[in-house]
Undergrad: 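Pasting in a structure now, in structure tokens, and then I'll have a few things to ask.
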There are 2 protein chains.
Amino acid sequence: MSLKHAILVLLEKKPGSGYDLSQRFKRSIGYFWNASHQQIYQELKKLSQEQWVEFEVQAQAERPDRKHYRISAAGRSALKAWLHEPAKPERLNSELLVKIYAAYLADPTALLPDLDRRIAAHREKLDEYLGHEPFYLDKRGKASRKQSLMHLTLRYGIRYEWNWIEWLTEVRALLVDEQAPAKPMLETLIRASSRKTLAKR
Amino acid sequence: MSLKHAILVLLEKKPGSGYDLSQRFKRSIGYFWNASHQQIYQELKKLSQEQWVEFEVQAQAERPDRKHYRISAAGRSALKAWLHEPAKPERLNSELLVKIYAAYLADPTALLPDLDRRIAAHREKLDEYLGHEPFYLDKRGKASRKQSLMHLTLRYGIRYEWNWIEWLTEVRALLVDEQAPAKPMLETLIRASSRKTLAKR
DNA sequence: CGGATATATGCATACAGTTGCATATCAAGC
DNA sequence: GCTTGATATGCAACTGTATGCATATATCCG
């Protein structure tokens, strides 16, 4: 499980409450990890039982009390140890892909609402992420390794969203026009690049 | 949950045993859905309780008995109904990305074994998927909608693996050379393409 | 004045997915 | 002869994630 570690990383960068963390999951690192507030609160409880985080209650006038969490020394070394452990292979399970694979069973337009909703959602995220990038591009050259790594994770998010948009647009074209889509440029690139890497080996 | 529906789709295409299904998950549609044999057997049990699938036991000499499953009429209409329901938004959680985000805490080479393992795994899958594609390309023009849809899901798999390879290679370069990677061509394409779509709206 | 949204935390339950184990046969390789 | 791997199915226990509910205050908007 790495929700534990995702929380530890966030707290290592900056302490905060469960609520703060859920905002940060939504607003800043959503391009590689998502967590609901319930998961976060439960995980923080476990983490403080393990002594990997500490907290102090902050009473607030006219606002509910906050538990201000920060990572402990034990938590910090657990994080470092985790970085040296092998990661388990990613597992891809996409409901939408299953639907598209099965789409021949229904009429061609049945999936259009889903497709359009998803394309719009990915466009929105892409815009958001592209809006974050100038921050990193501005300080090129003088960027620290930490900054460069954060930038790369953002670029993963950009690639991911863009990939979905391109592909879903192809699928949409097939369902609407009832014909195979024109071969997009990227496909050619993929094949060219992969032939190169294949030749190299 | 769509493991249920993934199984129904597979049985709709071709009946078979739990073992057969686990092979098909591994070998043919792994580019969008993965399931372990335990999950499959449990799900098949539930599906036959719901009367969405039927089975007959086939005794085999010198091999364990098989349960040969096929989809029922009720299962087929459940599948069709499901196609018209909205899909829930995809949720992205990548352990490796969390590690890369946190990599500044350890020495730069700590993640290299993970990266190399993952790059090799994605290359292997990419090769496998590229090997499947000629089958679809050969019958272009005379391909049915069903075939085209299957082809598109394969292309998703190809894009997915390629995307990982490209990006992981950038990350590796940063960790090894301790410098920001050269801006790859794709990144430029992404930005160009997105500006177009932004302008269109 | 009512409804939506933001702040702030949490419990209980259900469902999904993983891990470890168990059983049984046969073929291939060392 | 022994191990490994493929065929074939399954239980039990555990971990992880999702869903629904509960509470409390304040602000913003119409």
Side-chain angles (χ1 to χ4, degrees), chain A residues 1-8 11 15-27 30 32-50 53 55-69 82 85-95 98, chain B residues 1-8 15-27 30 32-50 53 55-69 85-95 98:
Chain A
M1 206 236 323
S2 36
L3 172 56
K4 250 191 180 67
H5 299 101
I7 290 175
L8 284 178
L11 289 179
S17 67
Y19 190 83
D20 292 337
L21 288 172
S22 78
Q23 297 307 308
R24 288 166 73 187
F25 273 115
K26 259 185 234 141
R27 287 182 192 151
F32 60 89
W33 199 277
N34 291 282
S36 65
H37 81 268
Q38 293 88 341
Q39 269 180 285
I40 294 164
Y41 287 123
Q42 283 171 44
E43 211 57 51
L44 281 171
K45 203 162 86 173
K46 285 183 213 161
L47 281 168
S48 63
Q49 275 161 16
E50 287 175 281
V53 300
F55 67 92
E56 38 186 298
V57 177
Q58 298 179 333
Q60 300 187 118
E62 300 178 352
R63 284 260 170 261
D65 291 356
R66 295 161 49 94
K67 287 187 185 173
H68 194 78
Y69 287 91
W82 172 72
E85 281 164 26
K88 351 173 213 187
E90 216 94 352
R91 191 184 146 160
L92 175 62
N93 282 27
S94 168
E95 184 182 6
V98 177
Chain B
M1 209 233 324
S2 36
L3 173 55
K4 251 191 180 64
H5 299 102
I7 289 175
L8 285 178
S17 68
Y19 190 82
D20 291 338
L21 288 172
S22 78
Q23 297 308 308
R24 289 166 72 187
F25 273 116
K26 259 185 233 141
R27 288 181 192 151
F32 60 87
W33 199 278
N34 292 282
S36 64
H37 81 267
Q38 293 88 341
Q39 267 180 288
I40 293 165
Y41 287 122
Q42 283 170 42
E43 211 57 51
L44 281 171
K45 202 162 86 174
K46 283 183 214 161
L47 282 169
S48 62
Q49 276 163 14
E50 287 175 280
V53 299
F55 67 91
E56 37 186 299
V57 177
Q58 298 179 330
Q60 301 188 117
E62 300 176 351
R63 281 260 169 261
D65 291 356
R66 294 161 51 92
K67 286 188 186 171
H68 193 77
Y69 288 91
E85 280 165 27
K88 351 172 214 186
E90 215 94 352
R91 191 184 144 158
L92 175 62
N93 281 29
S94 168
E95 184 182 6
V98 177

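Every chain is numbered from 1 and lettered A, B, ... according to where its sequence line falls, protein lines coming before strand lines.
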Undergrad: When all nucleic acid strands are considered with a 4.0 Å heavy-atom cut-off, which category describes Q39(A): base, sugar-phosphate, or nothing?
TA: sugar-phosphate
Undergrad: Are E95(A) and K88(B) within salt-bridge range, i.e. N to O under 4.0 Å?
TA: no
Undergrad: Using whole Å, report how far CD of Q42(B) lies from P of dG17(C).
TA: 11 Å
Undergrad: Mapping D20(B) and K46(A) to their closest nucleotides on DNA chain D, which lands nearer the 5' end?
TA: D20(B)
Undergrad: Hey, does the side chain of N93(A) reach the backbone of W33(B) with a donor-acceptor pair shorter than 3.5 angstrom?
TA: no
Undergrad: Rounded to the nearest 0.5 Å, how far apart are NE2 of H37(A) and CG of L44(A)?
TA: 12.0 Å
Undergrad: Distance check needed: dA8(D) P versus Q58(B) CD, whole Å only.
TA: 10 Å
Undergrad: Select from L3(A) and Q38(A) the residue whose nearest nucleotide in DNA chain D is closer to the 5' end of that strand.
TA: L3(A)
Undergrad: How close or far is atom P of dG5(D) from atom NZ of K26(B), stated in whole angstroms?
TA: 13 Å
Undergrad: Is Y41(A) near enough to dG10(C) that one of its side-chain N or O atoms lies under 4.0 angstrom from OP1 or OP2?
TA: no
Undergrad: May I ask you to verify if any side-chain N or O of Y19(A) is less than 4.0 angstrom from the OP1 or OP2 atom of dT9(C)?
TA: no
Undergrad: Give a yes/no on whether any side-chain N or O of K45(A) is located under 4.0 angstrom from OP1 or OP2 of dC11(C).
TA: yes
Undergrad: Whole angstrom is fine here: how far is it from CZ in R66(B) over to C1' in dA24(C)?
TA: 16 Å
Undergrad: With a 4.0 Å limit, can you tell me whether S17(A) has a side-chain N or O closer than that to the phosphate oxygens OP1/OP2 of dT9(C)?
TA: yes
Undergrad: Distance check needed: dT9(D) P versus I40(B) CD1, whole Å only.
TA: 10 Å
Undergrad: Whether the side chain of N34(B) engages the backbone of R91(A) through a donor-acceptor N/O pair (distance < 3.5 Å, no angle test) should be reported.
TA: no
Undergrad: Select one nucleotide: of dT18(C), dT9(D), dT7(D), the one nearest the side-chain heavy atoms of S36(B).
TA: dT18(C)
Undergrad: Whole-Å distance between dA8(C) P and H37(A) NE2?
TA: 13 Å
Undergrad: Please give, in whole Å, the distance from dC11(C) P to L44(A) CG?
TA: 12 Å
Undergrad: Which is more 5' along DNA chain C, the nucleotide nearest K88(A) or the one nearest E43(B)? Just name the residue.
TA: E43(B)
Undergrad: Going by the rule side chain to side chain donor-acceptor pair (under 3.5 Å), which residues pair with E90(B) if we only count those two or more places apart in sequence or in a different chain?
TA: S94(A), R118(A)
Undergrad: Starting at atom CG of N93(B), determine the distance to atom C1' of dG16(D), rounded to an integer number of angstrom.
TA: 11 Å
